[in-house]
J.: 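One structure follows; several queries about it will come next.
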Amino acid sequence: MYNLFLKHIHFILGSIFGLYFMYTLNNALTINFEVVKALILCIIAYLLSIIPFIHYFKTKGRPRLIDWMRVVLFFTIVLDFMKNVNQSSGKKTIFFIDNILTDLTDAPFVLFTLILAFLSLDLGYLIFTSICRNHNVSKRIDAFKVFMIKGKNKLLFFLGFSTIIKAYFHSTGISGYGSSIEYTFGLFSLVKNIQGNLNDILIILTCYVVFIEGYENKKYRKLFFFLIIIQAILGLISGMKESFLLPILYVSVAFLMGGGRIKKQFVIISFPILILLFPLNNAYRDILNDPFLNKGNTVVNVTLAVNKIKQQSLSETVLGGAENYGSRSSMYGYLDNSIKTESNWNYYKHLDRYWAIPIVWLVPRAVWPSKPRNDVGAIYNDQLVGVTTNSITPMNIGWVYFEGGIPYVIIIFILIGLFFTYIDYSNIKKPIVFFFFIWCLHKALKPEWDPYFMFSSAIQSFVTLWLVLKYFGVKKLMFLKIK
């Protein structure tokens, strides 16, 4: 059945999209011709995102990193626009957040910008592959295990130590949802940043030992999985969904990269867990925010959140979870708003932050008080609704458009295409490349980030990872020269 589906996947998905397109077109005709033009652009976006994704999956075994990102942007922006058309009841404006309106007649330019971003990713890919004609060598030597991390036991020990620090941060309120704003600046912010960066590195490198090297020590593997479970639980009780999901994502991707296959039972079990995650997380946050319900004890608060979910009907819980996922994937309005309000955005402009990317993470704020802060989400939320307690995002395209419009979208997305393609075509058996492949895949699957901070974080992670690997030691098991 799977092979039959894969053989005809272009036809199946194309038919589904075609039927949905015709249904949306019927509704668009009741609004105006501008919306119809935008729908035509949706077809181009489909051809630039879904088609390459399927092509590389079928021919190369896995889609490129740029394909993952384009598919996510297609779902969160293009399909959200089409959904808005279908829910507009013939009106050209709809509400997308609080009392903020989005105008569907702006869609042609919004989708044109998105398509330029897609093409710029391809241009970055073409530039890299034209310069490095021998990139196929990397693909051929990926089939061989050529590297081994020496200090395996030390690596696992440090992962355990990092888990303890993470538990301390969450239990004391230094990190996690609702943590005090005093912990977002100064020394606390620096320590949290270092710990978070190192923790990701330690998890992914330990995944390399277990799944890529295939280290068979049973005690080692059991302790590794135990620590991953603890990390996921800590993420759950932190009130941050991403902290719960990231360790699971890292392990799952590494498992697949090591040649493993996820059983159907695990896939089936994961769906109800993911559906329940949003309602449970929301109930837990409500308790943390309520001074009468918050008991100041994590275990008690989690128990209260679980009991609150139990009191709801199953259908109410499932529908609530599905709606929350739907709202997280509804990003068209934010991108539209960022394009319309670009002239009002003065927090940064014309890539004026990018010159400092190589050094910004090295210099303490005490020495450089005006260095860029990672608070753009709160600033944008303040501009949009007048509140700074939450962060929102217009996706990476919106953040780049704030720099000064389409030229900057083209420049930055070419750079992203170059970076992602470099990782894609490097030897994934190298621990440093293995780390960055998973790191970039996470970025591709959740393209909400400001590219400035993505590039800055990449440099910081590279230097930190290089030092970590120097400390633990890496042994080359095989050298293969291909002419």
J.: Side-chain contact test, heavy atoms from C-beta onward, threshold under 4.5 Å: evaluate it for Y354 versus L415 and give yes or no.
T.: no
J.: Walk me through whether D67 and F57 qualify under side-chain contact (heavy atoms from CB on, under 4.5 Å).
T.: CA-CA 10 Å; D67 296 326; F57 178 74; over 6 Å; no
J.: Assess whether a salt bridge exists between K60 and D424, defined as any Lys/Arg side-chain N lying under 4.0 Å from an Asp/Glu carboxylate O.
T.: no
J.: If I take atom CZ from residue F255 and atom SG from residue C207, how far apart are they, to the nearest 0.5 angstrom?
T.: 11.5 Å
J.: Taking the side chain as C-beta and beyond, is there a heavy-atom pair between I397 and F413 under 4.5 Å?
T.: yes
J.: Any idea which heavy atoms bring W439 and S457 closest together, and the distance?
T.: CZ2-OG, 3.6 Å
J.: Whether the W345 and S343 side chains hold a donor-acceptor pair (N or O, under 3.5 Å, no angle test) is what I'd like checked.
T.: no
J.: Measure the spacing between NE2 of H442 and CG of D200 and express it to the nearest 0.5 Å.
T.: 8.5 Å
J.: Is any side-chain heavy atom of D122 closer than 4.5 Å to a side-chain heavy atom of R70?
T.: yes
J.: Taking the six-membered ring for Trp and the full ring for Phe, Tyr or His, determine whether the centres of F402 and Y380 are under 6.0 Å apart.
T.: yes
J.: Hey, does F53 have a side-chain heavy atom less than 4.5 Å from the side chain of S49?
T.: no
J.: In Å, rounded to the nearest 0.5 Å, how long is the span from OH of Y332 to CG of L335?
T.: 8.0 Å
J.: Can you name the nearest heavy-atom pair linking A254 to F434, along with the distance?
T.: CB-CZ, 3.6 Å
J.: Which is it for T464 and W466 under the side-chain hydrogen bond (donor to acceptor under 3.5 Å, both in side chains) test, yes or no, and what are the steps along the way?
T.: CA-CA 5 Å; T464 307; W466 184 82; over 6 Å; no
J.: Evaluate the side-chain proximity of R64 to P52: yes if any heavy-atom separation is below 4.5 Å, no if none is.
T.: yes
J.: Using side-chain heavy atoms (C-beta onward) and a distance below 4.5 Å, is T421 in contact with I127?
T.: no
J.: Check the pair N337 / T102 against side-chain contact (heavy atoms from CB on, under 4.5 Å), numbers first and verdict last.
T.: CA-CA 7 Å; N337 179 268; T102 185; over 6 Å; no
J.: How many angstroms lie between atom CG of L73 and atom CZ of F118, to the nearest 0.5 angstrom?
T.: 5.0 Å
J.: Taking the side chain as every heavy atom from C-beta outward, state whether V35 and V85 have any pair of such atoms under 4.5 Å apart.
T.: yes
J.: Could E34 and K92 be called an ion pair, given the rule that one side-chain N must be under 4.0 Å from one carboxylate O?
T.: no
J.: Evaluate the side-chain proximity of V110 to T113: yes if any heavy-atom separation is below 4.5 Å, no if none is.
T.: no
